[in-house]
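Shown next, in structure tokens, is the structure this report addresses.
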2 protein chains.
Amino acid sequence: MGKRASAELGTGRADEGLGGNGRDEAIYRNLFVAIVENHLAPGTKLPEDTLAETYGVSRTSIRKVLQRLAHERLVDVRLNRGASVAQPSVGEARDIFSARRIIECGAIPQVVAKATPAKLDVLRELVGREHAAQDRGDWRESIYLSGAFHVELIRLSGNETLTDFLTQLVSRSSLVIATYGSPQTASCRHSEHDDVIEIIAGGDVDGATRWMDRHLRDVERTVVLVEEEPAPADLKKILEEVAQRRPKLR
Amino acid sequence: MGKRASAELGTGRADEGLGGNGRDEAIYRNLFVAIVENHLAPGTKLPEDTLAETYGVSRTSIRKVLQRLAHERLVDVRLNRGASVAQPSVGEARDIFSARRIIECGAIPQVVAKATPAKLDVLRELVGREHAAQDRGDWRESIYLSGAFHVELIRLSGNETLTDFLTQLVSRSSLVIATYGSPQTASCRHSEHDDVIEIIAGGDVDGATRWMDRHLRDVERTVVLVEEEPAPADLKKILEEVAQRRPKLR
DNA sequence: ACTTCACACATTGGATACACTTTTATATCA
DNA sequence: TGATATAAAAGTGTATCCAATGTGTGAAGT
């Protein structure tokens with residue numbers, strides 16, 4: 001496991017101001033990483049008492065953490081049915097990548113304006129760790145660091161609100177990849193991220209924007225979003241139509 | 001009070017999938033509107049007991065609602081100190097408007113692509129209600145509807161994720177206006193919103209984008225973001241500096 | 001043998017109770 | 001009078017308890 005001192009996915013401004021003590025935070029973090037790194041597959045049930053005794057706390061604290069994850073759309077919580085790891089629909093997946101293009105491309109001008117050599121070095125170090133993880137075949141760490149790179153890049157814009165949004169989108173992207181993508185093709189191509197750092201260092205706003213747009217479309221292409229959704233809401237209508245066509249079954 | 005059947009601020013996709021009972025939802029809604037319409041001033045304490053007996057439920061439910069509002073950054077929750085209506089800092093305010101420009105301008109192409117006469121009529125109806133509220137001097141309703149217009153406009157893009165983000169940004173904008181703006185100048189100029197509908201109806205992507213950018217800068221200009229933050233951390237330093245200049249007061 | 005109903009089990013939702021922290025009020029002393 | 005320490009209060013954090021809901025199994029009836 002690599003160190004994650006400089007850049008932690010999901011440890012943004014979102015922590016402050018919402019009253020979490022250290023223990024809750026640790027539980028949240030643990031679950032967050034487990035979901036984002038795909039140790040817990042989408043759809044996995046998350047029973048409250050199991051988690052409660054796992055972490056040695058009462059269900060009250062667990063419920064708080066689950067609600068937070070639910071609000072970040074990493075888990076689904078249905079009434080009287082408990083929580084499970086979210087399974088983004090195809091439409092949701094498209095929306096997520098579309099939103100990422102808008103936000104990440106839109107923030108590029110400010111990123112370029114505020115980039116300093118020191119900050120770019122932090123990014124380079126992150127890419128270095130990403131490559132190392134990729135070379136050793138640790139695809140979980142690789143995906144995690146790839147996401148962290150995107151978040152840290154936008155963090156350079158200085159806009160914490162936007163960075164929080166992107167953190168959410170990037171985590172959900174991991175779920176999309178886990179649901180619709182093959183693990184191999186999922187992570188960004190080797191040495192992709194290097195390029196954009198130099199483009200930004202050169203102050204080329206348009207170039208960086210174009211790079212980001214193309215890059216995100218490439219990532220989206222690695223997941224298969226062709227199949228249509230089951231559309232559970234239409235189930236009743238469909239069955240009624242079928243009943244119409246075959247009035248008396250027996 | 002005007003009807004709000006067609007467009008409700010804060011009633012987006014965010015409700016589904018996070019296990020909200022009807023009663024909780026009503027409480028959330030009530031508090032949400034109270035904050036966004038500025039019936040509760042920024043900084044107002046929100047004690048759990050008070051809210052609990054107000055709505056006739058236990059603190060458990062109240063805490064759930066407060067956590068949700070905290071995650072939407074409409075309330076601040078500090079450890080062992082309870083919740084209070086959020087007071088966006090100047091930096092936060094800038095971030096919010098900057099993020100709005102990126103998201104709302106960035107979504108315009110898809111909005112124009114997906115706009116239909118029927119959907120534009122819904123927007124026109126919303127603007128009509130906004131004007132009515134403005135004419136009768138109901139500035140609370142006016143601000144609310146102005147925000148709803150921006151949200152519904154972006155909803156036309158079909159991107160629910162992005163619409164949820166914008167809903168949050170628009171609600172927080174209301175807090176910014178309540179904190180830093182004068183109520184009169186806060187709402188958009190009369191008949192501003194009419195224009196963009198026609199630009200979109202004409203299919204003019206660039207025009208609509210430019211309109212949105214200018215419009216959001218205008219709105220931002222109606223609030224005063226010049227004063228530096230009180231920075232309570234610097235209080236001690238300030239006092240020490242004063243002490244330096246006037247060593248022995250008595 | 002298959003369907004249906006009913007009961008038992010498991011799990012979640014909500015309320016109460018208790019422990020701890022922060023804040024305020026009061027009293028004592030300089 | 002003013003400041004500080006102590007004690008009471010108000011309020012929050014967590015655990016436990018009970019009720020409500022969903023799920024699964026088994027018995028009874030056709």
Side-chain angles (χ1 to χ4, degrees), chain A residues 15-31 40 43-71 74-87 232 235-236 239 243 248-250, chain B residues 14-31 40 43-71 74-87 232-233 235-236 239 243 248-250:
Chain A
D15 306 338
E16 311 165 25
L18 67 100
N21 83 21
R23 187 168 51 177
D24 290 357
E25 195 60 27
I27 297 172
Y28 163 78
R29 189 103 220 100
N30 202 2
L31 270 175
L40 297 171
T44 305
K45 279 273 302 172
L46 301 171
E48 296 178 357
D49 3 356
T50 305
L51 297 175
E53 57 188 60
T54 298
Y55 295 108
V57 297
S58 87
R59 279 175 47 215
T60 311
S61 312
I62 296 297
R63 292 177 61 169
K64 182 159 52 165
V65 171
L66 287 178
Q67 274 192 242
R68 180 170 166 191
L69 289 166
H71 204 179
L74 293 179
V75 313
D76 263 342
V77 176
R78 283 166 328 188
L79 189 61
N80 284 323
R81 287 200 197 174
S84 48
V85 179
Q87 293 177 297
L235 176 61
K236 192 183 169 194
L239 295 184
K248 298 234 171 195
L249 187 57
R250 58 176 174 183
Chain B
D15 307 336
E16 311 166 24
L18 67 99
N21 184 343
R23 185 169 53 178
D24 291 356
E25 196 59 28
I27 298 173
Y28 164 78
R29 188 105 219 98
N30 201 4
L31 269 175
L40 297 171
T44 305
K45 279 274 300 171
L46 301 171
E48 297 178 357
D49 292 329
T50 307
L51 297 176
E53 57 187 60
T54 297
Y55 295 108
V57 296
S58 84
R59 281 176 46 215
T60 311
S61 313
I62 297 298
R63 286 171 69 92
K64 184 158 50 163
V65 171
L66 287 178
Q67 276 189 240
R68 179 170 168 193
L69 289 166
H71 200 216
L74 293 179
V75 313
D76 264 343
V77 176
R78 283 163 335 192
L79 188 62
N80 284 321
R81 285 193 195 182
S84 49
V85 180
Q87 292 177 297
L235 176 62
K236 192 182 167 195
L239 295 184
K248 297 232 172 199
L249 186 57
R250 57 178 176 182

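Only a predicted model underlies this, so the values are computations on that prediction, with no experimental measurement involved.
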N/O contacts under 3.5 Å, protein versus nucleotides 6-8 of chain C?
none

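- Between A:S61 and D:dG13 there is no side-chain N or O to OP1 or OP2 distance below 4.0 Å.
- Summarising the geometry, the separation between CG on B:L66 and P on D:dG11 is reported as 14 Å, rounded to the nearest angstrom.
- Between the P atom of C:dG14 and the CD1 atom of B:I62 lies a distance of 12 Å, rounded to the nearest Å.
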Between protein and nucleotides 16-21 of chain C, map the contacts as a letter string: B base, S sugar-phosphate only, - none, heavy atoms under 4.0 Å, written 5' to 3'. B----S
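- Listed by chain and number, the residues in a side chain to side chain donor-acceptor pair (under 3.5 Å) with A:N80 amount to none (sequence neighbours excluded).
- Here the C1' atom of nucleotide D:dT12 and the CG atom of A:N21 are 12 Å apart, to the nearest Å.
- At a threshold of 4.5 Å between non-hydrogen side-chain atoms, the residues B:Y55 and B:N30 count as touching.
- Remark on DNA chain D: of its neighbouring residues A:R81 and B:E48, the 5'-side contact belongs to B:E48, judged by nearest-heavy-atom nucleotide.
- Every residue two or more places apart in sequence or in another chain that forms a side-chain contact (heavy atoms from CB on, under 4.5 Å) with A:R23 is listed here: A:N21, A:I27, A:V57.
- In this structure, A:V75 and A:L31 have side chains that are not in contact, with every pair of non-hydrogen atoms separated by 4.5 Å or more.
- If you measure from atom CG of A:L46 to atom C1' of C:dT12, you get 14 Å, rounded to the nearest angstrom.
- Following rounding to the nearest Å, B:R78 (CZ) and D:dT12 (P) show an atom-to-atom distance of 11 Å.
- Residues satisfying the side chain to side chain donor-acceptor pair (under 3.5 Å) test with A:R59, not counting sequence neighbours, are A:E48.
- Judged as a side chain to side chain donor-acceptor pair (under 3.5 Å), and not counting sequence neighbours, B:D49 has no contacts.
- The side chain to side chain donor-acceptor pair (under 3.5 Å) check on B:S58 picks up B:T60, with sequence neighbours excluded.
- Partners of A:T50 under the side-chain contact (heavy atoms from CB on, under 4.5 Å) rule, at least two apart in sequence or in another chain, are A:P47, A:T54.
- A heavy-atom distance below 4.5 Å is not found between the side chains of A:L51 and A:V65.
- Contact check, B:R23 against C:dA15: a side-chain N or O comes under 4.0 Å of OP1 or OP2.
- Summarising the geometry, the separation between CG on A:D49 and P on C:dC9 is reported as 17 Å, rounded to the nearest angstrom.
- For D:dT14, one of the phosphate oxygens OP1 or OP2 lies less than 4.0 angstrom from a side-chain nitrogen or oxygen of A:K64.
- Comparing D:dT14, C:dA15, C:dT12 against the side chain of A:K45 picks out C:dT12 as the nearest.
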